[in-house]
Amino acid sequence: MKIQLSPSRPFNLDFTLCCGQTFRWEKQGDWWYGVVGQAPCKIRQTGKTLAFEGVDAGFVENYFRLDDDLPEIFSRINKDRNIEAAISEFNGLRILRQEPWECLISYICATYKSISAIKGMLANLSRRFGEETRKDTQILYTFPKPAKLAKAGLHELLACGLGYRAKYVSETAKLVRENTLDLERLEKMAYAKAKQELTSLPGVGPKVADCVLLFSLEKLQAFPVDVWIRRAILKYYARYFPKEFVKRLSAQESLSSSGYEKLGSFGREYFGDYAGYAQEYLYHHERMHH
DNA sequence: CAAGTGCCTTTATC
DNA sequence: AGATAAAGGCACT
């Protein structure tokens, strides 16, 4: 199956899958292989043509957010030279519409880890607790369901390389399995309220919550602040903050919750309703040029 | 090659 | 409120 992208609908599959928002897609030759839900699939881009197998066009449109009007979004977030440089270099990078459950566990695992290490952990989790599927010669695994991870022993999770995150994954899986927290419900809630609910989960602080909200729960105003975004703000946007605050931010290793809140609020106020898109472009740009 | 640094942070404690 | 420490282990230099 194929989709033809019109010139007014920029999309870049490689940027989108390489920028660190998702961790389980693998490129073999021209094709990206992955499992979303239960379906193993592959997709490739040749110019303005997207070709895919294993999923239908509706899925592709939805998952890759081809419904987002990127030119319109750019015109809203393009506030200065820095963001403009990022937009022009990585034009076509889109935020994905991921599954909330997988996204949540992924970002609980992602804390204080490098992207390559995160990929390793999630591959281990899926191989050990997911269902084996095949596409061509590729063996791919579905992402384990809440009940499966809730049942997993701590030692098994540790064997996947989760370290201290193992107990957070285990406890969060139990809360989701028991429906103590209904992830689907968060999509309909306002950003602040949904964030508050998410941060009640073990292993979920403001950063993890913002990632889950942005990448899987339709909250495009979420502005996750990680080390790279913090560096980018210090480099390019320091003048929007009191001198004392900038001084503390530069000197300190970790970010306090009030510090996080200040940077996140800045992102939302400065870039507007699509702050999350601005964040992804800044993040990727910063990582590629540091 | 060994050792050091850094990692899309959260939590506990003072 | 704000500072500080601890928490796996892997990848990269």
Side-chain angles (χ1 to χ4, degrees), chain A residues 15-25 86 90 93 95-96 98 102-125 152-172 175 195-216 219 222-235 241-242 244-264 267 275-290:
Chain A
F15 291 160
T16 299
L17 292 180
C18 282
C19 71
Q21 60 177 316
T22 186
F23 308 100
R24 273 168 26 85
W25 287 88
F90 299 108
L93 188 166
I95 286 170
L96 294 170
Q98 301 187 50
E102 176 170 347
C103 192
L104 173 63
I105 296 301
S106 297
Y107 280 93
I108 287 176
C109 289
T111 66
Y112 207 49
K113 275 284 187 187
S114 58
I115 288 177
S116 53
I118 300 162
K119 288 179 177 168
M121 285 189 284
L122 296 173
N124 289 342
L125 272 183
L154 224 47
H155 62 284
E156 291 179 282
L157 296 174
L158 288 168
C160 293
L162 299 199
Y164 64 87
R165 301 160 196 81
K167 66 174 190 294
Y168 299 145
V169 167
S170 176
E171 289 169 18
T172 291
L175 291 170
K195 184 169 178 177
Q196 188 190 353
E197 295 266 323
L198 276 174
T199 50
S200 73
L201 292 167
V204 181
K207 160 64 170 62
V208 172
D210 273 332
C211 287
V212 176
L213 291 166
L214 177 60
F215 300 135
S216 72
K219 304 295 184 277
F223 190 82
V225 179
D226 71 328
V227 290
W228 297 99
I229 288 298
R230 180 177 154 189
R231 280 199 277 261
I233 291 179
L234 278 171
K235 241 198 268 183
F241 297 90
E244 276 310 305
F245 177 72
V246 173
K247 216 176 198 174
R248 256 190 297 135
L249 207 61
S250 319
Q252 283 175 171
E253 287 295 313
S254 64
L255 190 58
S256 67
S257 63
S258 73
Y260 184 96
E261 221 37 58
K262 285 190 176 77
L263 297 183
Y277 260 102
Q279 191 273 2
E280 274 309 280
Y281 277 86
L282 284 177
Y283 171 78
H284 196 51
H285 192 256
E286 201 58 24
R287 271 176 54 86
M288 295 299 115
H289 294 286
H290 86 285

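Owing to the predicted nature of the structure, the values given are computational and were not obtained by experimental measurement. Reckoned from all heavy atoms, side chains included, excluding hydrogens, waters and symmetry mates.
- Taking 90° from 0 as the syn/anti boundary, the base of B:dG4 is oriented anti.
- Take the nearest nucleotide of DNA chain B for A:T22 and for A:T199: the residue whose nucleotide is more 5' is A:T22.
- At a non-hydrogen distance threshold of 4.0 Å, nothing from residues 278-289 of chain A comes into contact with DNA chain C.
- For A:L158 against A:G163, the heavy-atom pair with the smallest separation is CD2-O, 3.3 Å.
- Side chain of A:E171 to main chain of A:G203: no donor-acceptor pair is present (N/O by atom type, distance under 3.5 Å, no hydrogens or angles).
- Atoms OG and OH, from A:S254 and A:Y112 in turn, are 9.5 Å apart once rounded to the nearest 0.5 Å.
- Protein atom CD1 of A:I118 is 14 Å distant from nucleotide atom C1' of C:dG8, rounded to whole Å.
- Note: CD (A:E244) to P (C:dA3) measures 11 Å, nearest angstrom.
- Nearest to the side chain of A:D226, among C:dA7, B:dC8, C:dG2, sits B:dC8.
- Once rounded to the nearest 0.5 Å, the distance linking NZ of A:K247 with CG of A:L234 reads 14.0 Å.
- A:Q21 places a side-chain N or O within 3.5 Å of a backbone atom of A:L96 that can act as its donor or acceptor partner.
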Contacts under 3.5 Å, N or O only, protein and nucleotides 2-5 of chain B:
none

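- Among the nucleotides B:dT10, C:dG2, C:dG8, the one closest to the side chain of A:T111 is B:dT10.
- Residues A:I229 and A:P224 fail the side-chain proximity criterion, which asks for heavy atoms closer than 4.5 Å.
- Side-chain atoms of A:R165 and base atoms of C:dG8 include a donor and an acceptor less than 3.5 Å apart.
- In this structure, A:Q252 reaches the sugar-phosphate backbone alone: every heavy-atom distance under 4.0 Å involves primed, P, OP1 or OP2 atoms, never a base.
- Atom OG1 of residue A:T172 and atom CZ of residue A:R165 lie 13.5 Å apart, to the nearest 0.5 angstrom.
- Annotation: C:dC10 and B:dA2 have their P atoms spaced 16 Å apart (nearest Å).
- Taking a pair as Watson-Crick or G-U with both hydrogen-bonding distances under 3.5 Å, the stems of three or more pairs touching DNA chain B are B:3-7 with C:9-13, B:9-14 with C:2-7.
- Between A:R231 atom CZ and B:dT9 atom C1' there is a gap of 14 Å when expressed in whole angstrom units.
- In this structure, the separation between CD1 on A:I118 and CD1 on A:I108 is 13.0 Å, given to the nearest 0.5 Å.
- At whole-Å resolution of the value, CG in A:L125 and C1' in C:dG9 are 15 Å apart.
- The phosphate of C:dA5 (OP1 or OP2) has no side-chain N or O of A:S254 nearer than 4.0 angstrom.
- A:L255 places its CG atom 11 Å from the P atom of C:dA3, with the value rounded to the nearest Å.
- As a whole-Å value, the separation of A:L263 CG from B:dT9 P is 13 Å.
- For A:Y283 and A:F223, the distance between ring centers is not under 6.0 angstrom.
- Listed for the A:R230 side chain is a donor-acceptor partner under 3.5 Å among the backbone atoms of A:L249.
- Under a 3.5 Å cut-off, the side chain of A:T199 and the backbone N or O of A:Q196 do form a donor-acceptor pair.
- Rounded to an integer number of Å, the gap from CG of A:L158 to C1' of C:dA7 is 12 Å.
- Side-chain rings of A:F90 and A:F15 approach one another, their centers coming within less than 6.0 Å.
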Taking only distance into account, with no hydrogens and no angle test, what donor-acceptor pairs under 3.5 Å do side-chain atoms of residues 205-212 of chain A form with protein atoms, sequence neighbours excluded?
{"unit_1": "A:D210", "atom_1": "OD1", "unit_2": "A:Y191", "atom_2": "OH", "d": "2.6"}
{"unit_1": "A:D210", "atom_1": "OD1", "unit_2": "A:K195", "atom_2": "NZ", "d": "3.4"}
{"unit_1": "A:D210", "atom_1": "OD2", "unit_2": "A:K195", "atom_2": "NZ", "d": "3.1"}
{"unit_1": "A:D210", "atom_1": "OD2", "unit_2": "A:Y260", "atom_2": "OH", "d": "2.7"}

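- Between A:G276 and A:L214, the shortest heavy-atom contact is CA-CD1, 3.6 Å.
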Where do N or O atoms of nucleotides 10-13 of chain C meet protein N or O atoms at under 3.5 Å, pair by pair?
none

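- Look at CD1 on A:I108: it is 9 Å from P on B:dT11, rounded to the nearest Å.
- Taking only side-chain atoms of A:Y112, from C-beta outward, the nucleotide of B:dT9, B:dT11, B:dC8 with the closest atom is B:dT9.
- In this structure, A:H284 NE2 and A:L93 CG are separated by 6.0 Å, a value rounded to the nearest 0.5 Å.
- Partner A:W228 forms a side-chain contact (heavy atoms from CB on, under 4.5 Å) with one of A:Q279, A:R287, A:H285 and no other, that one being A:R287.
- Using a 4.0 Å heavy-atom cutoff across all strands shown, A:C160 reaches no nucleic acid atom at all.
- Counting any heavy atom pair closer than 4.0 Å across all strands shown, A:Y260 reaches no nucleic acid atom.
- Near DNA chain B, meaning a heavy atom under 4.0 Å away, the residues from residues 200-210 of chain A are A:L201, A:P202, A:G203, A:V204, A:G205, A:P206, A:K207, A:V208.
- Note on ring orientation: taking the six-membered ring where Trp is involved, the planes of A:Y164 and A:Y168 are perpendicular (angle over 60°, cut-offs 30° and 60°).
- Rounded to the nearest 0.5 angstrom, A:L122 CG and A:R24 CZ are separated by 7.5 Å.
- For B:dC8 and C:dA5, the P atoms lie 23 Å apart once the distance is rounded to whole Å.
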